[in-house]
Number of protein chains: 2
Amino acid sequence: MSARKTFGTQPCSIARTLDVVGDWWTLLVLRDVFRGAHRFDELKSGLGIATNVLTVRLKRLTDAGILERRAYQEHPPRFEYTVTAKGRDLYPVLIALLQWGDRYMRDESDPSDAPPRVVVHDTCGHAIQPAFSCPHCRSEVSAQNARTVARADLPRELRNARSARAPRRNA
Amino acid sequence: MSARKTFGTQPCSIARTLDVVGDWWTLLVLRDVFRGAHRFDELKSGLGIATNVLTVRLKRLTDAGILERRAYQEHPPRFEYTVTAKGRDLYPVLIALLQWGDRYMRDESDPSDAPPRVVVHDTCGHAIQPAFSCPHCRSEVSAQNARTVARADLPRELRNARSARAPRRNA
DNA sequence: GCGGTCAGTTGCAAAAAGCAACTCACCGTC
DNA sequence: GACGGTGAGTTGCTTTTTGCAACTGACCGC
């Protein structure tokens, strides 16, 4: 019947997020917007994506409030796409994918196949490898020392994470 | 012609990673394996995924070295799927998706729609919201204060990030 | 020997993706 | 002032992928 199921109704934030950005192209479109490609044609030629697919992706992303579509001239109408605050907050997802790919998806037989992109932290000016860390004890968080549990299973006094506060305007 | 393009040939770690885990189902399968679902049937009924699609996804993930397929009994042959070290390192991707969904994908009109899962850090025992931080200056990394640049564009003395060292066996 | 469980396979219909060609409104230029 | 080029798509057609349902095959308990 349907060629895709919706995950949006699942009571799980991962499923709901994937419902919006979980397909092959969407995150790559976002990656290029982060890198400064804002126009339809830039995205098209940079990604090698079919125009009809790009049209649909851009519409979905703007409908979801992740991108913003703005006319930068009127005659003829021309548009540019920029990330909203909501879209900016997807940056960690891209960083996480980047780091995993850097570690595992390189061609080991090709010595020239170094990761071509590095993350630069403006605050301190260094090329870095950001890592998830615990705001409480500041040590690194990985699948080895963390797990997710149903909120209901947590002892009441440990439910101190204000998970999902209202969308922040800045930072 | 083809209904999907391969990103694996792009010289970009994000693209290469999405080539493996970038579709609608793969990361959800992985999520459930992290949560302790290891058998075909558990995954099937937990996800509501079609069996043929699950078969293909599990095969892709084991071929990619992200999951491991092990017979847990011989007669009749029964298998279980567990994450490898490579698969475990995808945990940050799921965390990143979880946190974004917690912030943006809740139903604001439904007060009972709290995020049902929280991350617990075994090391300190607290429910936490892990954040990407810079190992150098320890401040939070976001799209606001970081960007990716082509490695070649970096001043030589700042190329101090050993990005993508060989796969670690532990931690 | 009957129903139940596990781990799939097979077959078919519907949706999505790829590709190529086309549109429409302008803009610069020869 | 016709000619080519650019930006942002739309349309049409074909190939893949997904969803769904039904079926298989080996065993197990009763």
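A note on names: the letters A, B, ... follow the listed sequences, proteins ahead of strands, and every chain is numbered from 1. Every value quoted in this text rests on a predicted model; they were computed, and no experiment measured them. Atoms considered below: every heavy atom in the structure, side chains included; atoms not considered: hydrogens, waters and symmetry mates.
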How long is the line joining [atom1] of [X] and [atom2] of [N], in whole Å?
| X | N | atom1 | atom2 | result |
| --- | --- | --- | --- | --- |
| B:Leu18 | C:dA17 | CG | C1' | 16 Å |
| B:Leu43 | C:dC6 | CG | P | 12 Å |
| B:Lys44 | D:dG19 | NZ | P | 14 Å |
| B:Phe40 | C:dA7 | CZ | C1' | 6 Å |
| A:Lys5 | C:dA14 | NZ | C1' | 15 Å |
| A:His38 | D:dG7 | NE2 | P | 15 Å |
| B:Lys59 | C:dA7 | NZ | C1' | 15 Å |
| A:Glu80 | D:dG7 | CD | P | 13 Å |

Nucleotides 22-30 of chain D: protein proximity per nucleotide (B base, S sugar-phosphate only, - neither; heavy atom, under 4.0 Å): ----BS---
Can you tell me if the side-chain N/O atoms of [X] get under 4.0 Å from OP1 or OP2 in [N]?
| X | N | answer |
| --- | --- | --- |
| B:Trp25 | D:dG19 | yes |
| A:Arg39 | D:dT6 | no |
| A:Tyr81 | D:dG7 | no |
| B:Arg4 | C:dA15 | no |

First of A:Val56 and B:Phe79 reached from the 5' end of DNA chain C, by closest nucleotide: B:Phe79
Polar pair under 3.5 Å, donor/acceptor by atom type, side chain B:Asn52, base C:dG11: yes
Criterion side chain to side chain donor-acceptor pair (under 3.5 Å) against A:Asp19, the qualifying member of A:Gln10, A:Arg4, A:Lys5: A:Arg4
Residues, nucleotides or ligands: over 12 heavy atoms within 6.0 Å of A:Lys44 NZ: no
A:Glu74, CD: over 12 other non-hydrogen atoms inside 6.0 angstrom: no
Aromatic plane relationship, A:Phe132 with B:Phe132 - under 30° parallel, 30 to 60° tilted, over 60° perpendicular: parallel
Closest listed nucleotide, where the reference is the side chain of A:Arg57 and the choices are D:dT18, D:dC20, C:dA16: C:dA16
Closest to the B:Arg69 side chain, choosing from C:dA7, C:dG8, C:dA17: C:dG8
Between B:Asn52 and B:Thr55, a side-chain donor and acceptor under 3.5 Å: no
Single hit among B:Arg69, B:Arg70, B:Arg39 for salt bridge (charged side-chain N to carboxylate O under 4.0 Å, His left out) with B:Glu80: B:Arg70
A:Trp24 or A:Leu58, whichever maps to the more 5' nucleotide of DNA chain D: A:Leu58
Minimum-distance pair of heavy atoms, taken over all atoms of B:Gly46 and B:Asp32: C-OD2, 4.2 Å
